[in-house]
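These numbers come from a predicted model, not from an experiment.
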Amino acid sequence: MKRSVSDSSFVSVPEDGPVKDYRDYRVRKSSLIATVNWTHVIGTYLPTLFLVGIGVLFAQLVHQVVTDLSSKVEHKASPGEIDFSIETITAVILGVREIFSNLFSTFLVAPLQSGEGGILSTHVKITALVLVVMGWIVLNDNPTYMLAFSTFKAPDSWKVSHAQIIQMMKNQGSFTDDSIGFMERLLARSGTGQSTAWPPGIVQCLEEGKETDRSILASRKEAEAVIFDIVESALKKAKVHPKEVDVLVINCSLFSPTPSLCAMVISKFGMRQDIQSFNLSGMGCGASLISVGLAKDMLQRRRLQGGKALVVSTEIITPNLYHGNERGFLLQNTLFRCGGAAIVLSNSWMDGRRAWYKLLHTVRVQSNSEEAYNCVYEAQDGEEHRGVRLSKEIVKVAGKCMEKNMTTIGPYVLPLSEQIPVVTTMAIKFMIKMTGKLLKMCGQEKLAAKLPKKKHYVPDFKRGIDHFCIHAGGRAVIDGIEKNMKLELFHTEPSRMALLNYGNTSSSSIWYEMEYIQEHQKTNPLKKGHRIMQVAFGSGFKCTSGVWLKL
């Protein structure tokens, strides 16, 4: 089936106002001064200026040596001319070598001396000092760049329609008519399209005489097909050889074989033996940004020489088809699909000129309540069929977790025009609360009950973020976040289109959305300098977010 692309119908049409599009959400540059990462602004040009500065410093040293030795070297050239004789060149080289020799012998103390005792002239000292400051800023910025990313595009033989999915469920021979009808209703409301990918081990049951293959061998074949494809594509786009990769992080929640998926990739692509590899499991749909954060932290250990990291996010469907009839488990059979994404990161400032994006912020919030822990839970039902149970409380838990996440990341991305009302509202609510307590202590309960209730101010993230990649966990998830964050339809268009074209691909869904923004969206076209926010949820329960800057 042909992939769906951007359509003008995703532009919001309010009932009592003009049509809104991305042009309605622009803030004056003066209002965004507080959110500008000035280290990044300066650091973008510092590497080039640093190299130029080194050249200038060397030229100044040569000029100083020539000036100092001009009276000692015999010149054959006429006045006003330059003599490039062997004697002159030799004298200059010896003079420069003598300067560096003196610098090392005195441990860089002599250059700081004033007067006649100093080795370097004043203008050379100033240039050297500027270079030291520039180098210090570059080292402390320690950016993380995304060189490229790639998503898995399943072959046509993997793609099935809603009717074929229901037929696959019937062919399992374990579901009741009530469960089949329930899954049909879930599919109709899911927001997934008629051409989404299922693994060949399950799809083969549509052929007469064949049964579903959920073996470890079929699971490995699915993992190899997905992961090898995206890794090869991402490395090719980034122009990075497998042996250049220093850190490898793979997240896959429900399939964790031995040897690990990391070992599988290292063996296939012949990566270095000293590569640092990490295999993350059980972290749910929010694991991709956790993997990015881990890769970033590991790259910071290589801040001086720089390094490259490869992050792979996927979920293997083959061994995780639920065969029971409890409704809390049946959702996974209708929503999740095959998919994966590979991301190449670097913290070398030399890669900044060719990078696609720069990572600005990552935030992870972990809930610690029993309710949150149990809302996405892998278990066995009453008939000992293994599956993932989704609690009815998941919407409430996700809302609370996301609220904490947005509160944490807000100061880094919101302009002052949005931060000031938030602080003001919090101050007023605190004053009202303390006044109420004081009145109750004085026995004025009735008066305390009459105090006004101040509503929370919901900041407008559209003022600081240009694009949103909301985890395509389902149509209800996208609708809820769109309503709570007051987003327009074109803001949630990438999430809806990813859900339509690929289904819920777990942790990799946010990368299908970023790919849609980058290559297909017309209602809010991506431009240099735009900021993209990714938001995802995972079992545990956790909410992760990240902000990227388009370079």
Side-chain angles (χ1 to χ4, degrees), residues 1-5 149-172 183-184 186-187 190-234 250-255 257 261 264-265 268 285 288 312-323 331-342 388 472-474 497-513 515-516 519-520:
M1 177 178 285
K2 192 176 181 180
R3 300 286 95 181
S4 299
V5 294
F149 72 93
S150 181
T151 60
F152 177 68
K153 305 300 187 300
D156 291 339
S157 60
W158 290 33
K159 297 175 184 177
V160 292
S161 64
H162 286 185
Q164 289 174 310
I165 293 174
I166 294 301
Q167 186 59 49
M168 288 191 303
M169 299 300 115
K170 292 179 180 179
N171 291 350
Q172 302 305 311
M183 286 188 283
E184 283 182 324
L186 287 176
L187 273 174
S190 66
T192 59
Q194 296 291 336
S195 181
T196 51
W198 280 72
I202 297 177
V203 173
Q204 71 179 26
C205 73
L206 292 174
E207 301 178 22
E208 187 175 352
K210 287 190 176 182
E211 297 182 354
T212 298
D213 183 2
R214 297 191 297 150
S215 65
I216 187 69
L217 179 60
S219 302
R220 284 188 178 276
K221 286 182 178 179
E222 180 192 349
E224 292 172 355
V226 174
I227 295 176
F228 290 170
D229 177 80
I230 56 180
V231 167
E232 182 178 5
S233 176
I250 298 182
N251 65 267
C252 181
S253 288
L254 297 175
F255 181 63
L261 297 177
M264 182 182 76
V265 171
K268 169 66 176 180
C285 302
S288 187
V312 179
S313 299
T314 188
E315 192 58 76
I316 304 305
I317 307 297
T318 300
N320 296 303
L321 183 66
Y322 173 65
H323 278 71
L331 182 60
Q332 72 176 86
N333 287 357
T334 60
L335 194 58
F336 291 100
R337 302 289 190 274
C338 293
V388 177
M497 298 307 291
L499 183 63
L500 176 69
N501 290 327
Y502 304 102
N504 182 350
T505 58
S506 190
S507 58
S508 64
S509 68
I510 54 177
W511 299 104
Y512 286 97
E513 294 158 16
E515 183 180 56
Y516 181 85
E519 299 181 3
H520 300 295

Residues that Ser190 engages under side chain to side chain donor-acceptor pair (under 3.5 Å), provided they are two or more places apart: Thr192
field: For Gln167, side chain to side chain contact (heavy atoms under 4.5 Å, CB included) partners two or more places apart
entry: Lys170, Asn171, Leu206
message: Are the side chains of Tyr502 and Tyr516 in contact, using a 4.5 Å heavy-atom criterion?
response: no
- request: Report the residues that fulfil side chain to side chain contact (heavy atoms under 4.5 Å, CB included) with Ser253, sequence neighbours left out, ordered by chain and then residue number.
  value: Glu315
Min side-chain heavy-atom separation Thr505-Thr151 under 4.5 Å: no
query: How close do Asn251 and Ser507 get, heavy atom to heavy atom, and via which atoms?
result: ND2-OG, 2.9 Å
field: For Ser233, side chain to side chain contact (heavy atoms under 4.5 Å, CB included) partners two or more places apart
entry: Ser150, Lys237
query: Once you round to the nearest 0.5 Å, how far does CG of Leu187 lie from CD1 of Ile165?
result: 5.0 Å
Nearest non-hydrogen partners of Leu261 and Cys252, listed with the distance: CD1-CB, 3.7 Å
field: Pairwise side chain to side chain donor-acceptor pair (under 3.5 Å) hits with a residue in residues 197-208, at least two apart
entry: Glu207-Lys210
query: Listed by chain and number, what are the side chain to side chain contact (heavy atoms under 4.5 Å, CB included) partners of Glu184, not counting sequence neighbours?
result: Ile166, Ile180
field: Pairing residues for Lys268 by the salt bridge (Lys or Arg N to Asp or Glu O under 4.0 Å) criterion, not counting sequence neighbours
entry: none
- prompt: Which pair of non-hydrogen atoms, one from Ala498 and one from Glu513, has the smallest distance, and what is that distance?
  reply: CB-CG, 3.6 Å
task: Report the residues that fulfil ring-ring contact (aromatic ring centres under 6.0 Å, His included) with Phe149, sequence neighbours left out, ordered by chain and then residue number.
output: Trp356, Trp511
task: Evaluate the side-chain proximity of Leu335 to Leu186: yes if any heavy-atom separation is below 4.5 Å, no if none is.
output: no
- prompt: What salt bridge (Lys or Arg N to Asp or Glu O under 4.0 Å) pairs are there with at least one residue in residues 214-230, not counting sequence neighbours?
  reply: none
- line: Sequence neighbours excluded, the answer for side chain to side chain donor-acceptor pair (under 3.5 Å) partners of Tyr512 is none
- line: side chain to side chain donor-acceptor pair (under 3.5 Å) filter on Thr334, not counting sequence neighbours, yields none
- prompt: What pairs with Gln332 under side chain to side chain donor-acceptor pair (under 3.5 Å), at least two apart in sequence or on another chain?
  reply: none
